[in-house]
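Below: the structure, in structure tokens.
Just the heavy atoms: all of them, side chains too, but no hydrogens, waters or symmetry mates, feed the values below.
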Amino acid sequence: MKRHNNRNRQHFGLLAALALASLLPNVALAVCPSPGQWWQEGQPFTSSELLPTAAQQQVVLLGEQHDERAHHRWQLHTLAGLHALRDDLVIGLEMLPRSAQPALDAWVADELDSATMLEQTQWDEAWGFDSALYMPILEFARMAKIPLVALNITPDLRQRLVNDGWEHVPADERHAVPSPFPASASYRSRLTEVFNQHAMGDDPESLERFIQAQLTWDIAMAQRLTEATQGGALVVGLMGLGHVSYNEGVAYQLNALGVSNTVSLLPWQMSDCTLPDPTLADAVYILADE
């Protein structure tokens, strides 16, 4: 699968490790879950049972492992189900910074072909993962005229905020992104574990910069999602597993910003008869082991 090197890659690798660490411990079951089921608090649900509740929220977060095709199929399936219940759907994309918004608007308005859209959003430079993984979702949004919202900020701005501090970056240069709310003790512990696993040194200042970088990522996306809810729309954010797991990343920052009606959903690939810790997400969708 095509991938591109860019300056985001180290962060993506760290978040992938965070996601892997977050998927433990597992819970053994007497009856094995079946692909196509949703599971919530140890009980199976159908899409017709779970999605109407999700559709009544302000924000739904759909986590992904960025290079896993089955995760993107599941996201598209879930988006279609939610759109059948809510015409006023908005899709938020971690993949692109705010500078890509004009191109996304033009794409949904049928003013750009796919190659031009990818060029104008600077997809390869901004994200780096194969755009083919995401094109079915982007095509669905254009077909159904669902607004697409770029959630991210550039790595340069993220590092500037971490290194210089919010008070030294004018609001108009940081898209009015507020400073993040402090991480919970458990989120901080998991981020510390990821930092240590990647042998990034034992400098406390480096660890703190790493944690602040992840919190900056979380608050930037939370702020953009919050803006998108202002008209009453159902906003669905697509983002990495590490931002969604345990409701301690973006959902935590959303709650601090006053958006408390959220649902975090994750895919779960069955390799044996186990489910993740029930607190990992509000519900998980069972995928066949591939």
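Summarising the geometry, atom CG belonging to Asn152 is positioned 11.0 Å from atom CZ belonging to Arg224; distances are rounded to the nearest 0.5 Å. Atoms CH2 and CG, from Trp74 and Leu79 in turn, are 9.0 Å apart once rounded to the nearest 0.5 Å. Arg174 CZ to Ile153 CD1: the interatomic distance, rounded to the nearest 0.5 Å, is 10.5 Å. Note that CG of Leu207 and CG of Asn196 are 7.0 Å apart. Values are rounded to the nearest 0.5 Å. Rounding to the nearest 0.5 angstrom, the gap separating the CZ atom in Arg86 from the CG atom in Leu89 is 8.0 Å. Taken to the nearest 0.5 Å, the CE atom of Met135 stands 11.5 Å off from the CG atom of Leu133.
Applying the side chain to side chain donor-acceptor pair (under 3.5 Å) rule to Gln269 yields no partners; only residues at least two apart in sequence or on another chain are considered. Under the ring-ring contact (aromatic ring centres under 6.0 Å, His included) criterion, His175 pairs with no residue, sequence neighbours left out.
Remark: the backbone N or O of Asp282 is paired with a side-chain donor or acceptor of Gln40 at under 3.5 angstrom. Looking only at distances, no side-chain donor or acceptor of Thr116 sits under 3.5 Å from a matching main-chain atom of Leu112.
Side-chain contact, Thr154 with Asp156: no donor N or O sits under 3.5 Å from an acceptor N or O. A side-chain N or O of Trp38 and one of Ser47 form a donor-acceptor pair less than 3.5 Å apart. The closest side-chain donor-acceptor pair between His66 and Glu68, if any, does not fall under 3.5 angstrom. Under 3.5 Å, the side chains of Thr229 and Gln58 contain no donor-acceptor pair of N or O atoms. Counting only N and O atoms by type, the side chains of Gln214 and Asp218 include no donor and acceptor under 3.5 Å apart.
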- Going through the distances and angles, do Gln253 and Asn255 end up as a side-chain hydrogen bond (donor to acceptor under 3.5 Å, both in side chains)? CA-CA 5 Å; Gln253 299 293 332; Asn255 187 65; over 6 Å; no

- Message: Quick one, Trp123 with Tyr134, criterion ring pair (Phe, Tyr, Trp, His ring centres under 6.0 Å). Give me CA distance, side-chain angles, the key distance, then yes/no.
- Response: CA-CA 11 Å; Trp123 182 277; Tyr134 296 87; 5.2 Å; yes

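Within a 6.0 Å radius of CD in Glu41, no more than 12 heavy atoms belonging to other residues, nucleotides or ligands are found. Within a 6.0 Å sphere centred on CD of Glu208, heavy atoms belonging to other residues, nucleotides or ligands number more than 12. The number of heavy atoms from other shown groups lying within 6.0 Å of CD (Glu205) does not exceed 12.
Residues Trp166 and Pro180 approach most closely at CH2-CD, 3.2 Å, considering heavy atoms. When every heavy atom of Val284 is checked against every heavy atom of Pro276, the shortest pair comes out as CG1-CG, 4.0 Å. The shortest non-hydrogen separation linking Ile146 to Val108 is O-CG2, 3.6 Å. Between Asp88 and Gly232, the shortest heavy-atom contact is OD2-O, 3.3 Å.
In this structure, Arg188 does not pair ionically with Glu193, as no charged nitrogen and carboxylate oxygen lie closer than 4.0 Å.
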